[in-house]
Protein chains: 2
Amino acid sequence: MDLRGNFEQNANAMGNKPMHKVLVVDDEEPILELLKYNLEKDGYEVKTAADGMRAIEIARKFIPDLVLLDIMMPKMDGVETCRLIREIPEMQKAFVVFLTARSEEYSEVAAFDVGADDYITKPIKPRALMSRITALFRRETKKVSPASLISIGDLTIDRVSYTIKVRNKEINLPKKEFELLYFLAQNPNKVFSREDLLQNIWGTDVYVLARTVDVHIRKVREKIGEDYITTVKGVGYKFSLS
Amino acid sequence: MDLRGNFEQNANAMGNKPMHKVLVVDDEEPILELLKYNLEKDGYEVKTAADGMRAIEIARKFIPDLVLLDIMMPKMDGVETCRLIREIPEMQKAFVVFLTARSEEYSEVAAFDVGADDYITKPIKPRALMSRITALFRRETKKVSPASLISIGDLTIDRVSYTIKVRNKEINLPKKEFELLYFLAQNPNKVFSREDLLQNIWGTDVYVLARTVDVHIRKVREKIGEDYITTVKGVGYKFSLS
DNA sequence: ATGTTTCTTAACAATTCCTTAATGAACGGC
DNA sequence: GCCGTTCATTAAGGAATTGTTAAGAAACAT
């Protein structure tokens, strides 16, 4: 069973990679397969369409983050398809990358004019294509974390340098421990159940036992002292000011 | 809590912001048109120039907030044009963004030395360009020209000669290694992901695997010692003072 | 051209971190 | 006191990330 299935917004406090959706549009079956195979291997969720009409139908529901679009297609060509896709409100911010045979020299200007973000010439080299797609998503503006510095009493949590300071002593925490402490400290005095913590720090698509939280709590306490995190029996943990 | 939200930069379409003036300089007519069209669609006031001389004439009267400047031009190249533009008193605080063909590899250092704020490789992808311009204007403070000399502890980084000094010993670093160290040292204690580093050092249009960063980190450490660059597992690297 | 340096990738090793499971301790109800 | 529940603590295996090396491309210089 594919556990990745329906979890799009698996972004969480740790900044896990969101899974991106890709729609591939080409009239040649082998190319569809090749691209689908490579994309899925890299962890993208993929749908395919054999012509422009189908592409638009699918785009409306699927709302891909990226459309790979063959320029030369029967019935409706790529540029026209792109224009129509851009008319779908939710598709405004999606990326569109054209696939074009080298010989064609299809007007780049026309392509970019309808809002293409890049174009790639056939024959397609999977590795190169994949790295360019990676680069596309890499450019995405990323969110700014709410507070990069939390200071409570003699404890300082610095998300920029990923370090904490207790009683003027700097300590390096492993990622999960850091995120756990950071998350609790963002809402001082508020109790979170283990499930809450798993959801927010581990993410929705991870299958981890609730007891795992205990172990991390224990390790954080070991490093910063017992005074900051309080156990609320039967409920969960909270960051307590004292 | 899904922290990911839809924070996109749909800034331009509405809102009564001050209208920004843009001067586009390129010797190719189609490119001028493409850029002019897209910029005006986004609400900028645009003027164009086909060569450096004309550019300077226009800049003197028009006083644009942003100059898009092709690096490769007949008669006077972009770098020279930029320097002359910077001599116009009213143009001191304008943004300058270079346009460059991917193949050229025009000296970035030369470009930044004459006061470029960014550079973008052709072929130009209007949507990407527009969002970068939006981002440029959104920045409150104009990027300060980076210091050419950084000194931290017993480490000195000299951007002019591309050399560093550790414990009074001068070392020559290859370009990528130097820029990596330089970039990290500019923001001491700040953790950068491999993606961050790729974007800022390799550029947005280069397709390189993230693990490549590791190898360069390794080489830098080999040369300057293990004490300066710290790994933050699961996150990235940082320059750490200790 | 030729040789040299640098960059990138790939493969494997080393390390750290995460998760689980097992055990013991604390607490409350009966 | 006894029992059951819940949490604390520890250790071990496995998973994930990073370190390291080498080899082929690419860029650069001679």
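Everything numeric in this text was worked out from a predicted model, so none of it was measured. Quick note on labels: first sequence line is chain A, next is B, and so on, each numbered from 1.
Taking atom CD of residue B/E179 and atom P of nucleotide C/dT8, one finds them 11 Å apart after rounding to whole Å. Rounded to an integer number of Å, the gap from CG of B/L198 to P of C/dC7 is 14 Å. Atom-to-atom, NZ of B/K223 to C1' of C/dC7 comes out at 12 Å; the value is rounded to the nearest Å. Between the P atom of C/dC7 and the CG atom of B/L180 lies a distance of 11 Å, rounded to the nearest Å. Atom OH of B/Y162 is separated from atom P of C/dT6 by 13 Å (rounded to the nearest Å). Between B/E222 atom CD and D/dA22 atom P there is a gap of 11 Å when expressed in whole angstrom units.
The side chain of A/R194 places an N or O atom within less than 4.0 Å of a non-bridging phosphate oxygen (OP1 or OP2) of D/dC7. Within the 4.0 Å cut-off from OP1 or OP2 of D/dA8, at least one side-chain nitrogen or oxygen of A/T231 is found. At least one side-chain nitrogen or oxygen of B/R218 sits closer than 4.0 Å to the OP1 or OP2 atom of D/dT21.
Scanning for side-chain hydrogen bond (donor to acceptor under 3.5 Å, both in side chains) contacts around B/D158 gives B/S161, with sequence neighbours left out. With sequence neighbours left out, the side-chain hydrogen bond (donor to acceptor under 3.5 Å, both in side chains) criterion links B/N187 to no other residue. With sequence neighbours excluded, the residues satisfying side-chain contact (heavy atoms from CB on, under 4.5 Å) with B/E28 are B/D26, B/P30, B/I31, B/K122. Legend: residues meeting side-chain contact (heavy atoms from CB on, under 4.5 Å) with B/M73, ordered by chain and number and at least two apart, are B/V25, B/D27, B/L69, B/D70, B/T81.
Of the two residues contacting DNA chain D, namely B/R221 and A/E226, the nearest-nucleotide position lying further toward the 5' end is that of A/E226. Nearest-nucleotide assignment on DNA chain D puts the 5′-proximal partner with A/G234, out of B/V232 and A/G234.
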Exercise. Assign a letter to each nucleotide of nucleotides 9-22 of chain C from its 5' end: B, base within under 4.0 Å of a protein heavy atom; S, sugar-phosphate only; -, no contact.
Key: BB----BBSSBBS-
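The aromatic rings of A/F137 and A/H20 sit parallel to each other, their planes meeting at less than 30°, with 60° as the upper class boundary.
Side-chain contact check for B/Y182 and B/E177: no donor-acceptor pair (N or O, by modelled atom type) lies under 3.5 Å. Side chains of B/Y228 and B/D154: a donor on one and an acceptor on the other come within 3.5 Å.
For the pair B/K175 and B/Y162, the cation does not sit on the ring face, since its NZ or CZ is not both under 6.0 Å from the ring centre and inside 45° of the axis.
A salt bridge links A/E222 and A/R218; the closest N-O separation between the charged side-chain nitrogens and carboxylate oxygens is under 4.0 Å.
In this structure, the helix from C/dA1-D/dT30 to C/dC30-D/dG1 shows an angle of 30° between the axis at its start and the axis at its end, each fitted on 5 base pairs and rounded to 10°.
At a threshold of 4.0 angstrom between heavy atoms, the contacts of A/Y237 are confined to the sugar-phosphate backbone, with no base atom among them.
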